[in-house]
Amino acid sequence: MIGLQPEGDIDWSSYRGVMVFVEQRNGQAKPVSWQLIGEATRLAAKLNVKVMALVIGWQVSELAEESIYHGADEVYVCDSKELEHYRTRPYSRVCLHVIRKYKPEIVLMGATNTGRDLAGAIATHLPTGLTADSTQLDVDEERLLLASRPAFSEKMLATILCKQFKPQMATARAGVFEQLPRDTTRTGEVIQVPPQMDPGEIATEMIEFLETKGSVNLAEAEVIVAGGRGLGGPAAFEMLKELADELGGVVGASRAVVDLGWIGHDHQVGQTGVTVRPKLYFAIGISGAVQHVVGMQNSSYIVAINKDANAPIFKIANYAIVGDLFQIIPAIIQAVRTRKL
Ligand code: FAD
(Lines give C-alpha, C1' and ligand atoms only; values in the text may rest on other atoms or scores of the structure.)
Protein backbone atom coordinates (compact mmCIF):
# COMPACT_ATOMS: atom_id res chain seq x y z
CA MET A 1 0.00 0.00 0.00
CA ILE A 2 1.53 3.29 -1.06
CA GLY A 3 1.79 5.98 1.61
CA LEU A 4 0.47 3.94 4.55
CA GLN A 5 2.74 2.67 7.28
CA PRO A 6 1.69 0.42 10.14
CA GLU A 7 1.47 2.28 13.45
CA GLY A 8 4.11 1.09 15.93
CA ASP A 9 5.45 -2.45 16.14
CA ILE A 10 2.64 -4.80 15.28
CA ASP A 11 3.23 -8.50 15.69
CA TRP A 12 1.73 -9.78 12.46
CA SER A 13 2.80 -13.35 13.27
CA SER A 14 -0.25 -13.71 15.53
CA TYR A 15 -2.40 -13.53 12.37
CA ARG A 16 -3.11 -17.08 11.24
CA GLY A 17 -5.77 -18.75 9.08
CA VAL A 18 -7.62 -18.17 5.82
CA MET A 19 -11.06 -16.66 6.27
CA VAL A 20 -13.90 -16.66 3.73
CA PHE A 21 -16.94 -14.42 3.98
CA VAL A 22 -19.94 -16.64 3.19
CA GLU A 23 -22.27 -14.37 1.27
CA GLN A 24 -25.94 -15.30 1.41
CA ARG A 25 -29.32 -13.95 0.49
CA ASN A 26 -32.45 -15.28 2.17
CA GLY A 27 -30.36 -18.01 3.76
CA GLN A 28 -29.03 -19.24 0.40
CA ALA A 29 -25.26 -19.05 0.03
CA LYS A 30 -23.81 -17.65 -3.16
CA PRO A 31 -21.90 -20.43 -4.97
CA VAL A 32 -18.79 -18.21 -5.00
CA SER A 33 -18.63 -18.64 -1.21
CA TRP A 34 -18.20 -22.42 -1.53
CA GLN A 35 -15.77 -21.95 -4.40
CA LEU A 36 -13.69 -19.64 -2.21
CA ILE A 37 -13.76 -22.08 0.70
CA GLY A 38 -12.49 -24.71 -1.76
CA GLU A 39 -9.61 -22.42 -2.73
CA ALA A 40 -9.03 -21.45 0.91
CA THR A 41 -8.46 -25.12 1.84
CA ARG A 42 -5.67 -25.26 -0.75
CA LEU A 43 -4.03 -22.08 0.57
CA ALA A 44 -4.54 -23.12 4.20
CA ALA A 45 -2.88 -26.50 3.56
CA LYS A 46 0.18 -24.71 2.17
CA LEU A 47 0.27 -22.38 5.20
CA ASN A 48 -0.59 -25.16 7.64
CA VAL A 49 -3.49 -23.21 9.11
CA LYS A 50 -7.25 -23.53 9.46
CA VAL A 51 -9.99 -22.44 7.07
CA MET A 52 -12.29 -19.98 8.80
CA ALA A 53 -15.74 -19.06 7.50
CA LEU A 54 -17.74 -15.98 8.46
CA VAL A 55 -21.52 -16.19 8.16
CA ILE A 56 -23.63 -13.07 8.78
CA GLY A 57 -27.40 -12.88 8.41
CA TRP A 58 -30.69 -13.89 10.00
CA GLN A 59 -31.56 -17.53 10.66
CA VAL A 60 -28.35 -18.65 9.01
CA SER A 61 -27.21 -21.38 11.41
CA GLU A 62 -27.63 -24.01 8.66
CA LEU A 63 -25.03 -22.18 6.64
CA ALA A 64 -22.51 -22.71 9.43
CA GLU A 65 -22.93 -26.46 8.99
CA GLU A 66 -22.80 -26.13 5.22
CA SER A 67 -19.56 -24.12 5.49
CA ILE A 68 -18.01 -27.04 7.37
CA TYR A 69 -19.32 -29.54 4.80
CA HIS A 70 -17.66 -27.42 2.10
CA GLY A 71 -14.26 -27.34 3.85
CA ALA A 72 -14.27 -24.83 6.75
CA ASP A 73 -12.70 -25.82 10.09
CA GLU A 74 -14.09 -22.93 12.14
CA VAL A 75 -17.22 -20.91 11.45
CA TYR A 76 -17.99 -17.53 13.01
CA VAL A 77 -21.71 -16.87 12.94
CA CYS A 78 -23.49 -13.61 13.61
CA ASP A 79 -27.22 -14.27 13.49
CA SER A 80 -29.52 -11.32 14.08
CA LYS A 81 -32.76 -9.92 12.63
CA GLU A 82 -30.95 -6.63 11.96
CA LEU A 83 -28.58 -8.48 9.65
CA GLU A 84 -31.30 -10.11 7.52
CA HIS A 85 -30.45 -7.89 4.53
CA TYR A 86 -27.01 -6.68 3.63
CA ARG A 87 -26.16 -3.18 4.81
CA THR A 88 -22.59 -1.94 4.76
CA ARG A 89 -22.18 -0.58 8.31
CA PRO A 90 -23.66 -3.37 10.44
CA TYR A 91 -22.02 -6.06 8.29
CA SER A 92 -18.63 -4.35 8.23
CA ARG A 93 -18.73 -3.81 12.02
CA VAL A 94 -19.17 -7.56 12.52
CA CYS A 95 -16.37 -8.34 10.07
CA LEU A 96 -14.02 -5.83 11.72
CA HIS A 97 -14.76 -7.27 15.15
CA VAL A 98 -14.11 -10.86 13.99
CA ILE A 99 -10.96 -9.95 12.07
CA ARG A 100 -9.49 -7.94 14.98
CA LYS A 101 -10.33 -10.63 17.53
CA TYR A 102 -9.56 -13.84 15.61
CA LYS A 103 -6.80 -12.43 13.34
CA PRO A 104 -6.94 -14.32 10.03
CA GLU A 105 -3.90 -13.68 7.82
CA ILE A 106 -5.98 -13.82 4.63
CA VAL A 107 -9.61 -12.77 4.05
CA LEU A 108 -11.41 -13.71 0.84
CA MET A 109 -14.78 -12.51 -0.49
CA GLY A 110 -16.71 -12.96 -3.71
CA ALA A 111 -16.30 -10.15 -6.23
CA THR A 112 -20.06 -9.64 -6.13
CA ASN A 113 -21.78 -6.30 -5.49
CA THR A 114 -21.94 -7.14 -1.79
CA GLY A 115 -18.40 -8.56 -1.58
CA ARG A 116 -16.91 -5.57 -3.36
CA ASP A 117 -18.71 -3.12 -1.11
CA LEU A 118 -17.94 -4.97 2.12
CA ALA A 119 -14.30 -5.76 1.33
CA GLY A 120 -13.62 -2.12 0.42
CA ALA A 121 -15.21 -0.84 3.62
CA ILE A 122 -13.25 -3.28 5.80
CA ALA A 123 -9.89 -2.77 4.09
CA THR A 124 -10.25 1.00 4.50
CA HIS A 125 -11.09 0.73 8.19
CA LEU A 126 -8.42 -1.76 9.25
CA PRO A 127 -6.44 -0.49 7.22
CA THR A 128 -5.00 -3.13 4.92
CA GLY A 129 -4.51 -3.90 1.25
CA LEU A 130 -7.19 -5.38 -0.98
CA THR A 131 -6.86 -6.92 -4.41
CA ALA A 132 -10.19 -6.73 -6.22
CA ASP A 133 -11.42 -9.21 -8.81
CA SER A 134 -8.64 -11.77 -8.42
CA THR A 135 -8.59 -14.64 -10.88
CA GLN A 136 -5.65 -16.55 -9.35
CA LEU A 137 -4.54 -16.93 -5.74
CA ASP A 138 -1.46 -18.45 -4.19
CA VAL A 139 0.90 -18.00 -1.24
CA ASP A 140 4.70 -17.83 -1.17
CA GLU A 141 7.25 -19.10 1.34
CA GLU A 142 6.96 -15.83 3.30
CA ARG A 143 3.23 -16.47 3.77
CA LEU A 144 2.40 -13.61 1.41
CA LEU A 145 -0.80 -13.84 -0.59
CA LEU A 146 -0.16 -13.63 -4.33
CA ALA A 147 -3.41 -12.28 -5.73
CA SER A 148 -3.42 -12.03 -9.51
CA ARG A 149 -5.91 -10.12 -11.62
CA PRO A 150 -6.14 -8.77 -15.15
CA ALA A 151 -4.70 -5.25 -15.45
CA PHE A 152 -4.00 -2.55 -18.05
CA SER A 153 -7.20 -3.03 -20.08
CA GLU A 154 -7.01 -6.78 -19.37
CA LYS A 155 -3.82 -7.10 -21.44
CA MET A 156 -1.65 -8.21 -18.49
CA LEU A 157 -2.02 -10.33 -15.41
CA ALA A 158 -0.76 -8.40 -12.37
CA THR A 159 0.19 -10.20 -9.15
CA ILE A 160 -0.44 -7.96 -6.15
CA LEU A 161 1.13 -8.39 -2.68
CA CYS A 162 0.29 -6.76 0.60
CA LYS A 163 3.57 -6.92 2.54
CA GLN A 164 3.02 -4.51 5.42
CA PHE A 165 -0.45 -5.22 6.71
CA LYS A 166 -2.67 -8.07 7.82
CA PRO A 167 -4.99 -9.55 6.93
CA GLN A 168 -4.22 -9.68 3.24
CA MET A 169 -7.53 -9.27 1.47
CA ALA A 170 -8.83 -10.26 -1.96
CA THR A 171 -12.12 -10.51 -3.73
CA ALA A 172 -12.44 -13.16 -6.44
CA ARG A 173 -14.81 -13.64 -9.31
CA ALA A 174 -17.46 -16.35 -9.24
CA GLY A 175 -16.76 -19.41 -11.35
CA VAL A 176 -12.97 -19.11 -11.20
CA PHE A 177 -12.27 -21.51 -8.32
CA GLU A 178 -13.62 -24.97 -7.79
CA GLN A 179 -15.70 -25.92 -4.77
CA LEU A 180 -14.92 -29.14 -2.93
CA PRO A 181 -17.45 -31.98 -3.00
CA ARG A 182 -19.92 -31.46 -0.12
CA ASP A 183 -18.81 -33.79 2.68
CA THR A 184 -21.40 -34.25 5.43
CA THR A 185 -18.98 -36.29 7.55
CA ARG A 186 -16.77 -33.24 8.16
CA THR A 187 -16.91 -31.62 11.59
CA GLY A 188 -15.77 -28.21 12.80
CA GLU A 189 -16.19 -25.57 15.46
CA VAL A 190 -18.98 -22.98 15.39
CA ILE A 191 -18.34 -19.73 17.27
CA GLN A 192 -21.26 -17.35 17.88
CA VAL A 193 -20.52 -13.65 17.42
CA PRO A 194 -22.82 -10.90 18.77
CA PRO A 195 -23.99 -8.10 16.45
CA GLN A 196 -21.78 -5.04 16.82
CA MET A 197 -24.38 -2.27 16.39
CA ASP A 198 -27.63 -1.47 18.16
CA PRO A 199 -30.59 -1.27 15.74
CA GLY A 200 -30.97 2.44 16.60
CA GLU A 201 -27.42 3.18 15.45
CA ILE A 202 -28.01 1.87 11.92
CA ALA A 203 -28.69 4.85 9.68
CA THR A 204 -30.14 2.92 6.72
CA GLU A 205 -33.31 0.88 6.58
CA MET A 206 -34.21 -1.81 4.04
CA ILE A 207 -37.82 -1.19 2.97
CA GLU A 208 -38.15 -3.66 0.14
CA PHE A 209 -35.86 -5.81 -1.99
CA LEU A 210 -36.73 -5.77 -5.69
CA GLU A 211 -34.98 -8.17 -8.08
CA THR A 212 -33.96 -6.49 -11.35
CA LYS A 213 -36.20 -7.83 -14.09
CA GLY A 214 -34.56 -9.18 -17.23
CA SER A 215 -31.05 -9.39 -15.80
CA VAL A 216 -29.25 -12.68 -16.18
CA ASN A 217 -27.21 -14.52 -13.58
CA LEU A 218 -24.52 -16.14 -15.70
CA ALA A 219 -22.16 -16.85 -12.82
CA GLU A 220 -24.60 -19.24 -11.16
CA ALA A 221 -26.17 -20.82 -14.26
CA GLU A 222 -25.74 -24.56 -14.80
CA VAL A 223 -26.53 -24.33 -18.52
CA ILE A 224 -25.46 -21.44 -20.76
CA VAL A 225 -26.40 -21.13 -24.42
CA ALA A 226 -24.03 -18.47 -25.76
CA GLY A 227 -24.13 -16.84 -29.16
CA GLY A 228 -21.60 -14.86 -31.19
CA ARG A 229 -21.31 -12.86 -34.38
CA GLY A 230 -22.17 -15.98 -36.38
CA LEU A 231 -25.81 -15.38 -35.40
CA GLY A 232 -25.88 -12.63 -38.02
CA GLY A 233 -28.14 -10.31 -36.00
CA PRO A 234 -30.08 -9.89 -32.76
CA ALA A 235 -33.13 -11.84 -33.96
CA ALA A 236 -31.33 -15.18 -33.78
CA PHE A 237 -30.97 -14.78 -30.00
CA GLU A 238 -34.68 -15.74 -29.81
CA MET A 239 -33.69 -19.19 -31.04
CA LEU A 240 -30.95 -19.42 -28.41
CA LYS A 241 -33.41 -18.33 -25.72
CA GLU A 242 -35.75 -21.12 -26.82
CA LEU A 243 -32.98 -23.70 -26.43
CA ALA A 244 -31.88 -22.21 -23.09
CA ASP A 245 -35.48 -22.36 -21.80
CA GLU A 246 -35.82 -26.00 -22.86
CA LEU A 247 -32.63 -26.86 -20.93
CA GLY A 248 -33.34 -24.66 -17.90
CA GLY A 249 -30.44 -22.41 -18.79
CA VAL A 250 -29.66 -18.79 -19.66
CA VAL A 251 -28.34 -16.99 -22.71
CA GLY A 252 -24.70 -15.85 -22.88
CA ALA A 253 -22.84 -13.91 -25.54
CA SER A 254 -19.46 -12.95 -26.92
CA ARG A 255 -18.25 -9.39 -26.58
CA ALA A 256 -18.53 -8.84 -30.33
CA VAL A 257 -22.32 -9.08 -30.21
CA VAL A 258 -22.56 -7.04 -27.02
CA ASP A 259 -20.52 -4.30 -28.71
CA LEU A 260 -22.86 -4.52 -31.70
CA GLY A 261 -25.79 -3.92 -29.36
CA TRP A 262 -27.48 -7.25 -30.15
CA ILE A 263 -27.74 -8.16 -26.45
CA GLY A 264 -26.99 -6.54 -23.07
CA HIS A 265 -23.59 -6.52 -21.40
CA ASP A 266 -24.81 -8.65 -18.48
CA HIS A 267 -24.86 -11.57 -20.97
CA GLN A 268 -21.19 -11.20 -21.88
CA VAL A 269 -18.88 -14.10 -21.08
CA GLY A 270 -15.13 -13.64 -20.98
CA GLN A 271 -12.24 -11.58 -19.79
CA THR A 272 -14.20 -8.33 -19.65
CA GLY A 273 -17.49 -10.08 -18.98
CA VAL A 274 -18.43 -12.81 -16.54
CA THR A 275 -16.32 -15.89 -15.78
CA VAL A 276 -18.59 -18.93 -15.83
CA ARG A 277 -18.36 -22.57 -14.80
CA PRO A 278 -21.65 -24.19 -15.89
CA LYS A 279 -22.22 -27.91 -16.35
CA LEU A 280 -23.05 -27.33 -20.01
CA TYR A 281 -21.89 -24.48 -22.27
CA PHE A 282 -23.03 -24.03 -25.87
CA ALA A 283 -20.73 -21.79 -27.95
CA ILE A 284 -22.78 -21.01 -31.04
CA GLY A 285 -21.28 -18.96 -33.86
CA ILE A 286 -18.44 -17.98 -31.55
CA SER A 287 -14.92 -18.23 -32.98
CA GLY A 288 -13.13 -18.92 -29.67
CA ALA A 289 -10.94 -15.84 -29.16
CA VAL A 290 -8.73 -16.16 -26.09
CA GLN A 291 -10.62 -13.37 -24.30
CA HIS A 292 -13.83 -15.40 -24.64
CA VAL A 293 -12.25 -18.73 -23.81
CA VAL A 294 -10.71 -17.59 -20.49
CA GLY A 295 -14.22 -16.88 -19.27
CA MET A 296 -15.78 -20.28 -20.08
CA GLN A 297 -13.02 -22.88 -20.40
CA ASN A 298 -13.82 -24.33 -16.96
CA SER A 299 -17.31 -25.41 -18.04
CA SER A 300 -17.84 -29.14 -17.47
CA TYR A 301 -19.02 -29.80 -21.04
CA ILE A 302 -18.55 -27.48 -23.99
CA VAL A 303 -20.58 -27.94 -27.16
CA ALA A 304 -19.31 -25.75 -30.02
CA ILE A 305 -21.27 -25.12 -33.19
CA ASN A 306 -19.44 -23.37 -36.00
CA LYS A 307 -19.42 -23.58 -39.79
CA ASP A 308 -15.62 -23.19 -39.83
CA ALA A 309 -14.00 -26.55 -39.04
CA ASN A 310 -10.80 -24.70 -38.06
CA ALA A 311 -12.46 -22.35 -35.56
CA PRO A 312 -10.28 -22.16 -32.39
CA ILE A 313 -13.30 -22.89 -30.17
CA PHE A 314 -13.14 -26.52 -31.33
CA LYS A 315 -9.78 -26.93 -29.53
CA ILE A 316 -11.49 -26.75 -26.15
CA ALA A 317 -14.88 -28.24 -27.09
CA ASN A 318 -15.98 -31.65 -25.80
CA TYR A 319 -18.46 -31.86 -28.68
CA ALA A 320 -17.71 -30.14 -31.98
CA ILE A 321 -20.51 -29.65 -34.49
CA VAL A 322 -19.37 -28.26 -37.84
CA GLY A 323 -22.22 -26.73 -39.79
CA ASP A 324 -24.73 -23.93 -40.15
CA LEU A 325 -26.18 -22.96 -36.78
CA PHE A 326 -29.49 -22.05 -38.40
CA GLN A 327 -29.99 -25.70 -39.31
CA ILE A 328 -28.41 -27.21 -36.21
CA ILE A 329 -30.09 -25.22 -33.42
CA PRO A 330 -33.72 -25.88 -34.53
CA ALA A 331 -32.81 -29.57 -34.84
CA ILE A 332 -31.39 -29.62 -31.27
CA ILE A 333 -34.48 -27.83 -29.89
CA GLN A 334 -36.68 -30.37 -31.67
CA ALA A 335 -34.62 -33.28 -30.31
CA VAL A 336 -34.76 -31.94 -26.73
CA ARG A 337 -38.54 -31.50 -26.98
CA THR A 338 -39.02 -34.99 -28.40
CA ARG A 339 -37.00 -36.52 -25.55
CA LYS A 340 -39.20 -34.68 -23.04
CA LEU A 341 -42.45 -36.11 -24.43
P1 FAD B 1 -16.14 -13.74 -34.47
O2 FAD B 1 -14.74 -13.87 -34.02
O3 FAD B 1 -16.43 -12.88 -35.63
O4 FAD B 1 -16.66 -15.23 -34.75
C5 FAD B 1 -17.87 -15.54 -35.36
C6 FAD B 1 -17.87 -17.03 -35.62
O7 FAD B 1 -19.13 -17.42 -36.12
C8 FAD B 1 -16.84 -17.47 -36.67
O9 FAD B 1 -16.00 -18.50 -36.10
C10 FAD B 1 -17.68 -18.03 -37.82
O11 FAD B 1 -17.08 -19.15 -38.47
C12 FAD B 1 -18.95 -18.44 -37.10
N13 FAD B 1 -20.14 -18.45 -37.95
C14 FAD B 1 -20.53 -17.49 -38.83
N15 FAD B 1 -21.72 -17.83 -39.40
C16 FAD B 1 -22.06 -19.03 -38.87
C17 FAD B 1 -23.16 -19.91 -39.04
N18 FAD B 1 -24.19 -19.60 -39.88
N19 FAD B 1 -23.21 -21.09 -38.38
C20 FAD B 1 -22.16 -21.42 -37.53
N21 FAD B 1 -21.10 -20.62 -37.32
C22 FAD B 1 -21.06 -19.43 -37.97
N23 FAD B 1 -14.62 -11.32 -26.31
C24 FAD B 1 -15.50 -11.99 -25.54
O25 FAD B 1 -16.27 -12.81 -26.03
N26 FAD B 1 -15.55 -11.75 -24.19
C27 FAD B 1 -14.74 -10.86 -23.57
O28 FAD B 1 -14.85 -10.68 -22.37
C29 FAD B 1 -13.78 -10.15 -24.36
N30 FAD B 1 -12.93 -9.29 -23.79
C31 FAD B 1 -11.99 -8.67 -24.59
C32 FAD B 1 -11.03 -7.82 -23.99
C33 FAD B 1 -10.05 -7.22 -24.77
C34 FAD B 1 -9.05 -6.34 -24.12
C35 FAD B 1 -10.04 -7.44 -26.17
C36 FAD B 1 -8.98 -6.81 -27.01
C37 FAD B 1 -10.97 -8.25 -26.76
C38 FAD B 1 -11.97 -8.88 -25.99
N39 FAD B 1 -12.93 -9.71 -26.56
C40 FAD B 1 -13.79 -10.41 -25.77
C41 FAD B 1 -13.11 -9.80 -28.03
C42 FAD B 1 -12.50 -11.04 -28.65
O43 FAD B 1 -11.14 -10.79 -28.95
C44 FAD B 1 -13.23 -11.41 -29.96
O45 FAD B 1 -13.21 -10.30 -30.83
C46 FAD B 1 -14.69 -11.84 -29.76
O47 FAD B 1 -14.77 -12.81 -28.75
C48 FAD B 1 -15.22 -12.42 -31.06
O49 FAD B 1 -16.58 -12.68 -30.93
P50 FAD B 1 -17.28 -13.78 -31.82
O51 FAD B 1 -16.62 -15.10 -31.61
O52 FAD B 1 -18.75 -13.67 -31.57
O53 FAD B 1 -17.05 -13.22 -33.31
Side-chain angles (χ1 to χ4, degrees), residues 17-38 40 50-104 107-126 167 169 171-172 174 179-180 182-184 186-213 215 217 219-220:
V18 183
M19 179 173 276
V20 174
F21 169 67
V22 177
E23 185 179 337
Q24 56 82 32
R25 187 180 297 160
N26 300 326
Q28 294 293 311
K30 294 262 172 192
V32 68
S33 307
W34 305 146
Q35 292 159 9
L36 283 177
I37 290 184
K50 288 180 178 167
V51 174
M52 307 147 96
L54 173 57
V55 179
I56 305 175
W58 169 234
Q59 298 181 327
V60 287
S61 52
E62 261 182 37
L63 288 182
E65 229 167 50
E66 284 298 323
S67 300
I68 294 167
Y69 296 162
H70 284 88
D73 303 303
E74 286 171 1
V75 189
Y76 300 85
V77 184
C78 187
D79 203 319
S80 164
K81 178 79 180 119
E82 299 308 322
L83 300 166
E84 182 173 7
H85 300 293
Y86 175 73
R87 286 179 289 176
T88 311
R89 284 195 73 214
Y91 267 61
S92 56
R93 285 277 193 95
V94 175
C95 292
L96 288 167
H97 168 77
V98 171
I99 290 170
R100 285 178 176 138
K101 186 165 179 186
Y102 298 100
K103 297 183 165 59
V107 174
L108 306 175
M109 297 191 185
T112 58
N113 289 339
T114 297
R116 286 182 174 133
D117 182 64
L118 185 59
I122 295 165
T124 314
H125 269 86
L126 281 167
M169 292 186 62
T171 61
Q179 74 180 61
L180 299 175
R182 184 171 176 268
D183 178 359
T184 54
R186 286 196 88 252
T187 55
E189 195 183 346
V190 177
I191 298 118
Q192 299 295 333
V193 177
Q196 299 296 309
M197 281 179 93
D198 289 331
E201 281 183 89
I202 307 172
T204 51
E205 188 186 346
M206 170 73 79
I207 296 166
E208 198 181 354
F209 189 90
L210 298 170
E211 291 276 356
T212 317
K213 286 205 173 72
S215 68
N217 190 350
E220 291 173 22

Check for a donor-acceptor pair, side chain of [X] on one end and backbone N or O of [Y] on the other, with a separation under 3.5 Å.
{"X": "Gln196", "Y": "Pro194", "answer": "yes"}
{"X": "Arg100", "Y": "Leu126", "answer": "no"}
{"X": "His125", "Y": "Ala121", "answer": "yes"}

What's the shortest heavy-atom distance between [X] and [Y], and which atoms?
{"X": "Pro104", "Y": "Pro167", "result": "O-CB, 3.1 Å"}
{"X": "Ala40", "Y": "Leu108", "result": "CB-CD1, 4.4 Å"}
{"X": "Ser33", "Y": "Glu23", "result": "OG-N, 3.0 Å"}
{"X": "Ile56", "Y": "Phe21", "result": "CD1-CE1, 4.0 Å"}
{"X": "His70", "Y": "Leu180", "result": "O-CD1, 3.7 Å"}
{"X": "Ala172", "Y": "Val32", "result": "O-CG2, 3.9 Å"}

Does Asn113 have more than 12 heavy atoms from other residues, nucleotides or ligands lying within 6.0 Å of its CG?
no
Evaluate whether atom CD of Glu62 has more than 12 neighbouring non-hydrogen atoms of other residues, nucleotides or ligands under 6.0 angstrom away.
no
Who pairs with Arg182 by side-chain hydrogen bond (donor to acceptor under 3.5 Å, both in side chains), at least two apart in sequence or on another chain?
Glu66
For Ile68, run the side chain to side chain contact (heavy atoms under 4.5 Å, CB included) check against Thr184, Val190, Asp73 and tell me which one passes.
Val190
Candidate pair Asn26 and Phe209, rule side chain to side chain contact (heavy atoms under 4.5 Å, CB included), full reasoning
CA-CA 11 Å; Asn26 300 326; Phe209 189 90; over 6 Å; no
Rounded at 0.5 Å granularity, tell me how far [atom1] in [X] sits from [atom2] in [Y].
{"X": "Leu54", "Y": "Leu63", "atom1": "CG", "atom2": "CG", "value": "11.5 Å"}
{"X": "Thr114", "Y": "Arg116", "atom1": "OG1", "atom2": "CZ", "value": "10.5 Å"}
{"X": "Met19", "Y": "Met169", "atom1": "CE", "atom2": "CE", "value": "10.5 Å"}
{"X": "His97", "Y": "Arg93", "atom1": "NE2", "atom2": "CZ", "value": "12.0 Å"}
{"X": "Met197", "Y": "Ser92", "atom1": "CE", "atom2": "OG", "value": "8.0 Å"}

Please examine the side chains of Ile37 and Ser67, heavy atoms only from C-beta on, and report whether any two atoms are closer than 4.5 Å.
yes
Applying side-chain hydrogen bond (donor to acceptor under 3.5 Å, both in side chains), which residue pairs with at least one partner in residues 75-88 are found, sequence neighbours left out?
Glu74-Tyr76, Lys81-Glu84, Tyr86-Asp117, Thr88-Asp117
